[in-house]
Amino acid sequence: MRQAGRSLPEYRALRGTGSILEAIADPEIAAEVTLQPVRRYGVDAAILFSDIVVPFHALGFGVDVVPGRGPVVAEPFRSAADLERLRPLTEDDITHVTATVDRVVVELGDTTPLIGFAGAPFTVASYLVEGAPTREFGVIKTLMHSDPTLYDALMDRVVETTVTFLRAQVAHGASALQLFDSWAGSLTRDEYRRFAQPATERVLAALADLNVPTILFGVGTGELLVDMASCGSSVLGIDWHVDLDEGRRRAGKPVQGNLDPARCLGSADLAVDAAREVLHHAGRDTGHIFNLGHGVIPHTNPDVLAAVVDVVHNEGKAGVR
Ligand code: 1CP
(Lines give C-alpha, C1' and ligand atoms only; values in the text may rest on other atoms or scores of the structure.)
Protein backbone atom coordinates (compact mmCIF):
# COMPACT_ATOMS: atom_id res chain seq x y z
CA MET A 1 0.00 0.00 0.00
CA ARG A 2 1.93 2.94 -1.32
CA GLN A 3 2.92 5.56 1.23
CA ALA A 4 0.94 3.61 3.82
CA GLY A 5 3.67 4.60 6.23
CA ARG A 6 3.07 8.30 6.11
CA SER A 7 -0.26 8.18 7.95
CA LEU A 8 1.24 6.30 10.90
CA PRO A 9 2.03 8.03 14.21
CA GLU A 10 5.10 5.81 14.55
CA TYR A 11 6.33 7.15 11.19
CA ARG A 12 5.90 10.77 12.20
CA ALA A 13 7.62 10.11 15.53
CA LEU A 14 10.65 8.52 13.87
CA ARG A 15 10.98 10.84 10.93
CA GLY A 16 10.89 14.24 12.69
CA THR A 17 10.31 17.42 10.69
CA GLY A 18 13.20 17.65 8.20
CA SER A 19 13.25 16.69 4.51
CA ILE A 20 12.26 13.11 3.79
CA LEU A 21 15.63 12.83 2.00
CA GLU A 22 17.38 12.94 5.39
CA ALA A 23 15.35 9.96 6.61
CA ILE A 24 16.01 8.11 3.34
CA ALA A 25 19.77 8.78 3.74
CA ASP A 26 19.82 6.88 7.06
CA PRO A 27 19.45 3.12 6.39
CA GLU A 28 18.48 2.38 9.98
CA ILE A 29 15.57 4.84 9.87
CA ALA A 30 14.60 4.04 6.27
CA ALA A 31 14.51 0.30 6.97
CA GLU A 32 12.40 0.82 10.08
CA VAL A 33 9.94 3.06 8.19
CA THR A 34 9.67 0.43 5.44
CA LEU A 35 8.76 -2.20 8.02
CA GLN A 36 6.28 -0.16 10.08
CA PRO A 37 3.23 -0.61 7.80
CA VAL A 38 4.03 -4.31 7.34
CA ARG A 39 4.03 -4.85 11.09
CA ARG A 40 0.95 -2.79 11.72
CA TYR A 41 -1.25 -4.02 8.89
CA GLY A 42 0.11 -7.43 7.95
CA VAL A 43 0.11 -6.50 4.26
CA ASP A 44 1.47 -9.10 1.85
CA ALA A 45 4.39 -7.02 0.54
CA ALA A 46 6.57 -4.13 1.68
CA ILE A 47 7.45 -1.11 -0.45
CA LEU A 48 10.85 0.46 0.02
CA PHE A 49 10.89 3.80 1.83
CA SER A 50 12.47 6.03 -0.81
CA ASP A 51 11.21 8.56 -3.34
CA ILE A 52 11.23 8.86 -7.11
CA VAL A 53 13.69 11.78 -6.98
CA VAL A 54 16.24 9.93 -4.82
CA PRO A 55 18.61 8.85 -7.65
CA PHE A 56 18.66 12.39 -9.07
CA HIS A 57 19.36 13.85 -5.65
CA ALA A 58 22.13 11.26 -5.31
CA LEU A 59 23.85 12.32 -8.53
CA GLY A 60 23.77 15.96 -7.44
CA PHE A 61 21.04 17.47 -9.61
CA GLY A 62 20.03 19.75 -6.73
CA VAL A 63 16.60 18.40 -5.82
CA ASP A 64 15.02 18.54 -2.38
CA VAL A 65 11.69 17.23 -1.11
CA VAL A 66 9.92 20.00 0.80
CA PRO A 67 7.59 18.78 3.58
CA GLY A 68 3.95 19.30 2.65
CA ARG A 69 4.84 20.15 -0.95
CA GLY A 70 7.00 17.54 -2.67
CA PRO A 71 10.09 17.60 -4.90
CA VAL A 72 11.59 21.02 -5.66
CA VAL A 73 14.60 21.61 -7.93
CA ALA A 74 16.83 24.66 -7.35
CA GLU A 75 17.87 24.92 -11.00
CA PRO A 76 15.40 23.02 -13.20
CA PHE A 77 16.42 21.37 -16.48
CA ARG A 78 15.94 23.97 -19.21
CA SER A 79 18.70 23.68 -21.87
CA ALA A 80 21.29 21.36 -23.41
CA ALA A 81 23.86 22.64 -20.91
CA ASP A 82 21.81 21.02 -18.14
CA LEU A 83 22.54 17.56 -19.60
CA GLU A 84 26.00 17.91 -18.06
CA ARG A 85 24.37 17.97 -14.62
CA LEU A 86 22.86 14.52 -15.26
CA ARG A 87 25.97 12.35 -15.12
CA PRO A 88 25.47 8.56 -15.01
CA LEU A 89 24.45 7.20 -11.61
CA THR A 90 26.87 4.73 -10.01
CA GLU A 91 26.30 2.18 -7.26
CA ASP A 92 28.53 4.30 -5.01
CA ASP A 93 25.99 7.13 -5.22
CA ILE A 94 23.23 5.00 -3.74
CA THR A 95 24.89 2.95 -1.00
CA HIS A 96 22.36 4.42 1.46
CA VAL A 97 19.52 2.88 -0.57
CA THR A 98 21.16 -0.50 -1.09
CA ALA A 99 22.09 -0.66 2.61
CA THR A 100 18.40 -0.08 3.42
CA VAL A 101 17.37 -2.86 1.05
CA ASP A 102 19.94 -5.18 2.68
CA ARG A 103 18.46 -4.55 6.13
CA VAL A 104 14.84 -4.81 5.05
CA VAL A 105 15.16 -8.14 3.26
CA VAL A 106 16.84 -9.68 6.30
CA GLU A 107 14.01 -8.47 8.53
CA LEU A 108 11.27 -9.56 6.15
CA GLY A 109 12.66 -13.06 5.70
CA ASP A 110 11.23 -15.37 3.06
CA THR A 111 7.56 -14.70 3.63
CA THR A 112 7.10 -11.03 2.69
CA PRO A 113 8.54 -9.70 -0.57
CA LEU A 114 10.07 -6.23 -0.88
CA ILE A 115 8.93 -4.09 -3.81
CA GLY A 116 11.65 -1.74 -5.04
CA PHE A 117 10.66 1.21 -7.22
CA ALA A 118 11.56 4.21 -9.32
CA GLY A 119 9.67 6.90 -11.16
CA ALA A 120 8.96 6.21 -14.82
CA PRO A 121 10.99 8.53 -17.06
CA PHE A 122 8.20 10.96 -18.00
CA THR A 123 7.07 11.51 -14.41
CA VAL A 124 10.64 11.97 -13.15
CA ALA A 125 11.46 14.31 -16.02
CA SER A 126 8.39 16.39 -15.18
CA TYR A 127 9.90 17.23 -11.79
CA LEU A 128 13.37 17.89 -13.22
CA VAL A 129 11.97 20.24 -15.88
CA GLU A 130 9.11 21.92 -14.01
CA GLY A 131 11.15 22.35 -10.84
CA ALA A 132 8.19 21.76 -8.52
CA PRO A 133 4.84 19.92 -8.37
CA THR A 134 2.52 21.21 -11.11
CA ARG A 135 -1.02 20.65 -12.32
CA GLU A 136 -0.49 21.92 -15.85
CA PHE A 137 2.83 20.35 -16.90
CA GLY A 138 3.24 23.40 -19.10
CA VAL A 139 7.04 23.57 -19.07
CA ILE A 140 7.64 19.94 -19.95
CA LYS A 141 4.92 19.90 -22.61
CA THR A 142 6.43 23.02 -24.15
CA LEU A 143 9.86 21.37 -24.12
CA MET A 144 8.68 18.12 -25.74
CA HIS A 145 6.88 19.94 -28.54
CA SER A 146 9.37 22.77 -29.14
CA ASP A 147 12.64 20.82 -28.82
CA PRO A 148 11.98 17.08 -29.11
CA THR A 149 15.70 16.41 -29.65
CA LEU A 150 16.61 17.92 -26.30
CA TYR A 151 13.64 16.18 -24.68
CA ASP A 152 14.85 12.82 -26.04
CA ALA A 153 18.39 13.50 -24.79
CA LEU A 154 16.97 14.20 -21.34
CA MET A 155 14.96 10.97 -21.46
CA ASP A 156 18.10 9.02 -22.45
CA ARG A 157 19.82 10.20 -19.25
CA VAL A 158 16.78 9.49 -17.11
CA VAL A 159 16.41 5.98 -18.55
CA GLU A 160 20.04 5.14 -17.83
CA THR A 161 19.89 6.32 -14.22
CA THR A 162 16.54 4.63 -13.62
CA VAL A 163 17.84 1.28 -14.86
CA THR A 164 20.96 1.51 -12.66
CA PHE A 165 18.82 2.43 -9.65
CA LEU A 166 16.34 -0.43 -10.14
CA ARG A 167 18.93 -3.10 -10.93
CA ALA A 168 20.82 -2.21 -7.73
CA GLN A 169 17.66 -2.73 -5.67
CA VAL A 170 17.18 -6.21 -7.13
CA ALA A 171 20.88 -7.03 -6.68
CA HIS A 172 20.38 -6.36 -2.97
CA GLY A 173 17.24 -8.44 -2.62
CA ALA A 174 14.14 -6.60 -3.85
CA SER A 175 11.84 -9.23 -5.36
CA ALA A 176 9.57 -7.03 -7.49
CA LEU A 177 9.86 -3.58 -9.06
CA GLN A 178 7.29 -0.85 -9.55
CA LEU A 179 7.57 2.04 -12.00
CA PHE A 180 5.46 5.04 -11.00
CA ASP A 181 4.32 7.03 -14.03
CA SER A 182 2.02 8.99 -11.76
CA TRP A 183 1.51 11.93 -14.10
CA ALA A 184 1.25 10.09 -17.44
CA GLY A 185 -2.48 10.84 -17.31
CA SER A 186 -1.68 14.49 -18.10
CA LEU A 187 -0.70 13.45 -21.64
CA THR A 188 -2.85 12.84 -24.70
CA ARG A 189 -2.62 9.38 -26.16
CA ASP A 190 -0.45 10.67 -29.01
CA GLU A 191 1.84 12.41 -26.54
CA TYR A 192 2.06 9.30 -24.39
CA ARG A 193 3.04 7.16 -27.35
CA ARG A 194 5.67 9.61 -28.60
CA PHE A 195 7.06 11.12 -25.40
CA ALA A 196 6.58 8.65 -22.53
CA GLN A 197 6.06 5.12 -23.76
CA PRO A 198 9.40 4.53 -25.56
CA ALA A 199 11.47 5.44 -22.49
CA THR A 200 9.30 3.30 -20.22
CA GLU A 201 9.66 0.40 -22.63
CA ARG A 202 13.43 0.79 -22.61
CA VAL A 203 13.56 0.70 -18.81
CA LEU A 204 11.41 -2.43 -18.66
CA ALA A 205 13.40 -4.13 -21.42
CA ALA A 206 16.62 -3.44 -19.51
CA LEU A 207 15.19 -5.26 -16.47
CA ALA A 208 13.88 -8.31 -18.31
CA ASP A 209 16.90 -10.53 -17.59
CA LEU A 210 16.43 -10.04 -13.84
CA ASN A 211 13.29 -12.17 -13.91
CA VAL A 212 11.45 -10.17 -11.27
CA PRO A 213 7.80 -9.13 -11.67
CA THR A 214 7.34 -5.50 -12.69
CA ILE A 215 4.36 -3.20 -12.11
CA LEU A 216 3.67 -0.09 -14.21
CA PHE A 217 1.33 2.41 -12.58
CA GLY A 218 -0.21 5.78 -13.45
CA VAL A 219 -3.03 8.06 -12.31
CA GLY A 220 -5.87 9.11 -14.61
CA THR A 221 -4.61 6.72 -17.28
CA GLY A 222 -7.89 5.09 -18.30
CA GLU A 223 -7.41 6.25 -21.90
CA LEU A 224 -3.80 5.03 -21.90
CA LEU A 225 -4.21 1.56 -20.38
CA VAL A 226 -3.95 -0.30 -23.67
CA ASP A 227 -0.70 1.50 -24.53
CA MET A 228 0.70 1.14 -21.02
CA ALA A 229 -0.13 -2.55 -21.12
CA SER A 230 2.09 -2.93 -24.18
CA CYS A 231 5.16 -1.46 -22.43
CA GLY A 232 6.30 -4.84 -21.14
CA SER A 233 5.50 -4.84 -17.40
CA SER A 234 4.14 -8.01 -15.79
CA VAL A 235 1.35 -6.10 -14.03
CA LEU A 236 -0.50 -2.85 -14.69
CA GLY A 237 -1.41 -0.61 -11.76
CA ILE A 238 -4.71 1.23 -12.11
CA ASP A 239 -6.18 4.05 -10.07
CA TRP A 240 -9.91 4.30 -9.23
CA HIS A 241 -11.20 6.19 -12.29
CA VAL A 242 -11.80 3.00 -14.24
CA ASP A 243 -13.93 0.17 -12.87
CA LEU A 244 -11.71 -2.78 -12.20
CA ASP A 245 -13.48 -5.15 -14.59
CA GLU A 246 -13.16 -2.62 -17.41
CA GLY A 247 -9.56 -1.88 -16.42
CA ARG A 248 -8.74 -5.56 -16.57
CA ARG A 249 -10.31 -5.82 -19.99
CA ARG A 250 -8.21 -2.92 -21.30
CA ALA A 251 -5.02 -4.16 -19.62
CA GLY A 252 -5.29 -7.76 -20.77
CA LYS A 253 -2.83 -8.73 -18.06
CA PRO A 254 -2.78 -8.85 -14.24
CA VAL A 255 -3.71 -5.57 -12.56
CA GLN A 256 -3.04 -3.92 -9.20
CA GLY A 257 -5.41 -1.45 -7.55
CA ASN A 258 -7.97 0.18 -7.41
CA LEU A 259 -9.55 1.43 -4.20
CA ASP A 260 -10.03 5.21 -4.13
CA PRO A 261 -7.90 6.41 -1.17
CA ALA A 262 -10.54 9.05 -0.42
CA ARG A 263 -12.95 6.22 0.47
CA CYS A 264 -10.68 5.52 3.47
CA LEU A 265 -11.25 8.93 5.05
CA GLY A 266 -14.58 8.10 6.73
CA SER A 267 -15.47 5.27 9.09
CA ALA A 268 -14.00 1.77 8.86
CA ASP A 269 -17.43 0.48 7.78
CA LEU A 270 -17.53 2.88 4.82
CA ALA A 271 -14.02 1.89 3.74
CA VAL A 272 -14.87 -1.79 4.03
CA ASP A 273 -17.90 -1.20 1.78
CA ALA A 274 -15.60 0.46 -0.75
CA ALA A 275 -13.11 -2.42 -0.59
CA ARG A 276 -15.95 -4.90 -1.15
CA GLU A 277 -16.98 -2.95 -4.26
CA VAL A 278 -13.46 -3.39 -5.65
CA LEU A 279 -13.50 -7.09 -4.82
CA HIS A 280 -16.89 -7.40 -6.52
CA HIS A 281 -15.57 -5.76 -9.70
CA ALA A 282 -12.47 -7.96 -9.51
CA GLY A 283 -14.66 -11.03 -9.85
CA ARG A 284 -13.39 -14.52 -9.15
CA ASP A 285 -10.61 -14.66 -11.71
CA THR A 286 -7.02 -14.57 -10.53
CA GLY A 287 -4.78 -11.74 -11.65
CA HIS A 288 -5.88 -8.93 -9.35
CA ILE A 289 -3.56 -7.60 -6.62
CA PHE A 290 -5.60 -5.52 -4.21
CA ASN A 291 -4.16 -2.06 -3.53
CA LEU A 292 -5.20 1.53 -3.25
CA GLY A 293 -5.59 3.39 -6.52
CA HIS A 294 -3.03 5.99 -5.35
CA GLY A 295 -1.08 6.80 -2.18
CA VAL A 296 -2.60 6.82 1.28
CA ILE A 297 -3.92 10.30 2.13
CA PRO A 298 -1.79 11.52 5.07
CA HIS A 299 -4.60 12.05 7.60
CA THR A 300 -6.14 8.61 6.99
CA ASN A 301 -6.94 6.79 10.24
CA PRO A 302 -4.67 3.71 10.50
CA ASP A 303 -7.53 1.68 12.04
CA VAL A 304 -9.53 2.19 8.84
CA LEU A 305 -6.67 0.82 6.73
CA ALA A 306 -6.37 -2.14 9.10
CA ALA A 307 -10.07 -2.90 8.52
CA VAL A 308 -9.53 -2.74 4.74
CA VAL A 309 -6.59 -5.16 4.92
CA ASP A 310 -8.67 -7.55 7.02
CA VAL A 311 -11.63 -7.61 4.66
CA VAL A 312 -9.35 -8.23 1.68
CA HIS A 313 -7.62 -11.08 3.48
CA ASN A 314 -10.91 -12.60 4.61
CA GLU A 315 -13.05 -12.10 1.53
CA GLY A 316 -10.67 -11.57 -1.38
CA LYS A 317 -9.79 -14.41 -3.65
CA ALA A 318 -7.01 -16.22 -1.81
CA GLY A 319 -4.34 -17.67 -4.08
CA VAL A 320 -1.06 -16.23 -2.91
CA ARG A 321 -1.66 -15.85 0.85
O1 1CP B 1 5.03 4.03 1.90
C2 1CP B 1 6.06 4.63 1.54
O3 1CP B 1 6.70 5.34 2.31
C4 1CP B 1 6.51 4.43 0.13
C5 1CP B 1 7.62 5.31 -0.32
C6 1CP B 1 7.33 6.38 -1.36
C7 1CP B 1 6.96 6.19 -2.68
C8 1CP B 1 6.58 4.89 -3.36
C9 1CP B 1 7.52 7.78 -1.17
C10 1CP B 1 7.92 8.45 0.06
N11 1CP B 1 7.37 8.40 -2.39
C12 1CP B 1 7.00 7.45 -3.32
C13 1CP B 1 6.79 7.65 -4.75
C14 1CP B 1 6.51 9.01 -5.26
N15 1CP B 1 7.06 10.22 -4.91
C16 1CP B 1 5.66 9.25 -6.35
C17 1CP B 1 4.96 8.17 -7.12
C18 1CP B 1 3.76 7.66 -6.40
C19 1CP B 1 2.63 8.63 -6.27
O20 1CP B 1 2.11 9.08 -7.30
O21 1CP B 1 2.28 8.92 -5.11
C22 1CP B 1 5.63 10.63 -6.61
C23 1CP B 1 4.85 11.35 -7.68
C24 1CP B 1 6.53 11.24 -5.70
C25 1CP B 1 6.88 12.67 -5.59
C26 1CP B 1 6.49 13.17 -4.25
N27 1CP B 1 7.22 12.94 -3.12
C28 1CP B 1 5.33 13.89 -3.89
C29 1CP B 1 4.21 14.32 -4.86
C30 1CP B 1 4.25 15.79 -5.16
C31 1CP B 1 3.29 16.18 -6.29
O32 1CP B 1 3.75 16.40 -7.44
O33 1CP B 1 2.07 16.26 -6.04
C34 1CP B 1 5.40 14.12 -2.51
C35 1CP B 1 4.42 14.87 -1.65
C36 1CP B 1 6.60 13.50 -2.03
C37 1CP B 1 7.08 13.41 -0.62
C38 1CP B 1 6.99 12.04 -0.06
N39 1CP B 1 7.63 10.92 -0.56
C40 1CP B 1 7.37 9.83 0.24
C41 1CP B 1 6.54 10.27 1.32
C42 1CP B 1 6.10 9.40 2.44
C43 1CP B 1 6.29 11.66 1.10
C44 1CP B 1 5.42 12.61 1.90
C45 1CP B 1 5.63 12.78 3.34
C46 1CP B 1 6.96 13.16 3.86
O47 1CP B 1 7.57 14.15 3.42
O48 1CP B 1 7.31 12.48 4.83
Side-chain angles (χ1 to χ4, degrees), residues 2-3 5 20-38 43-61 63 65 86-121 123-125 128 155-181 199-217 231-237 254 256 289 320:
R2 185 155 20 87
Q3 299 189 7
I20 191 178
L21 294 174
E22 290 164 26
I24 291 168
D26 182 332
E28 196 179 332
I29 292 178
E32 175 60 19
V33 173
T34 303
L35 296 166
Q36 283 175 342
V38 180
V43 284
D44 301 310
I47 185 150
L48 182 68
F49 181 67
S50 174
D51 192 85
I52 61 170
V53 295
V54 162
F56 300 88
H57 174 255
L59 59 77
F61 194 72
V63 48
V65 180
L86 286 168
R87 66 169 173 81
L89 187 76
T90 68
E91 293 236 2
D92 287 346
D93 297 321
I94 47 169
T95 50
H96 53 308
V97 177
T98 49
T100 301
V101 174
D102 288 339
R103 281 169 182 257
V104 169
V105 293
V106 168
E107 291 280 331
L108 289 173
D110 291 336
T111 48
T112 308
L114 174 67
I115 305 172
F117 74 92
T123 289
V124 168
L128 302 183
M155 293 301 258
D156 287 348
R157 303 277 168 126
V158 173
V159 166
E160 189 183 337
T161 284
T162 304
V163 169
T164 302
F165 189 55
L166 289 171
R167 292 188 71 95
Q169 293 175 53
V170 172
H172 285 259
S175 35
L177 292 172
Q178 183 152 357
L179 265 185
F180 288 99
D181 213 350
T200 296
E201 284 178 357
R202 278 158 59 205
V203 171
L204 289 165
L207 305 172
D209 65 300
L210 298 175
N211 284 318
V212 296
T214 53
I215 309 154
L216 175 62
F217 166 82
C231 284
S233 66
S234 334
V235 174
L236 203 57
Q256 173 176 298
I289 302 163
V320 282

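All residue numbers refer to positions in the sequence shown, counting from 1.
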Any chance you could measure [X], atom [atom1], to [Y], atom [atom2], to the nearest 0.5 Å?
X: Q256; Y: Q178; atom1: CD; atom2: CD; result: 5.0 Å
X: L59; Y: T164; atom1: CG; atom2: OG1; result: 10.0 Å
X: L216; Y: L236; atom1: CG; atom2: CG; result: 5.5 Å
X: E160; Y: F165; atom1: CD; atom2: CZ; result: 15.0 Å
X: I29; Y: I24; atom1: CD1; atom2: CD1; result: 11.0 Å
X: D110; Y: T112; atom1: CG; atom2: OG1; result: 9.5 Å

Does the side chain of [Y] come within less than 4.5 Å of [X]'s, by heavy atoms?
X: D93; Y: R87; result: yes
X: T214; Y: S234; result: yes
X: P121; Y: T200; result: yes
X: L86; Y: T161; result: no
X: L179; Y: L166; result: yes
X: F217; Y: V235; result: no

Which atoms form the tightest heavy-atom contact between [X] and [Y], and what is the distance?
X: D44; Y: P113; answer: O-CD, 3.2 Å
X: A31; Y: R103; answer: CB-CB, 3.8 Å
X: P37; Y: V33; answer: CD-O, 3.2 Å
X: S175; Y: P213; answer: O-CD, 3.3 Å
X: T34; Y: V38; answer: O-CG2, 3.8 Å
X: I94; Y: A58; answer: CG2-CB, 4.1 Å

- Where at least one partner belongs to residues 93-119, residue pairs that pass ring pair (Phe, Tyr, Trp, His ring centres under 6.0 Å), sequence neighbours excluded: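 Listed by first then second residue: F117-F180.
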- Task: Take L21 and V63 through the side-chain contact (heavy atoms from CB on, under 4.5 Å) test and state the conclusion after the steps.
- Result: CA-CA 10 Å; L21 294 174; V63 48; 5.7 Å; no
- Checking side-chain contact (heavy atoms from CB on, under 4.5 Å) for the pair H172/T100: CA distance, chi angles, key distance, verdict? CA-CA 9 Å; H172 285 259; T100 301; over 6 Å; no
- Task: Test V158 against L128 for side-chain contact (heavy atoms from CB on, under 4.5 Å), laying out the working first.
- Result: CA-CA 10 Å; V158 173; L128 302 183; 4.1 Å; yes
- Query: Name the one of I52, I20, V54 that satisfies side-chain contact (heavy atoms from CB on, under 4.5 Å) with V65?
  - Reply: I20
- Kindly write out the residues that satisfy ring pair (Phe, Tyr, Trp, His ring centres under 6.0 Å) with F49, not counting sequence neighbours, or none if the list is empty.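 Listed in chain order: Y11.
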Residues 203-210, side-chain donor-acceptor partners within the protein, below 3.5 Å, at least two apart:
residue : atom : partner : partner atom : Å
D209    : OD1  : R167    : NH1          : 2.8
D209    : OD2  : R167    : NH2          : 3.0

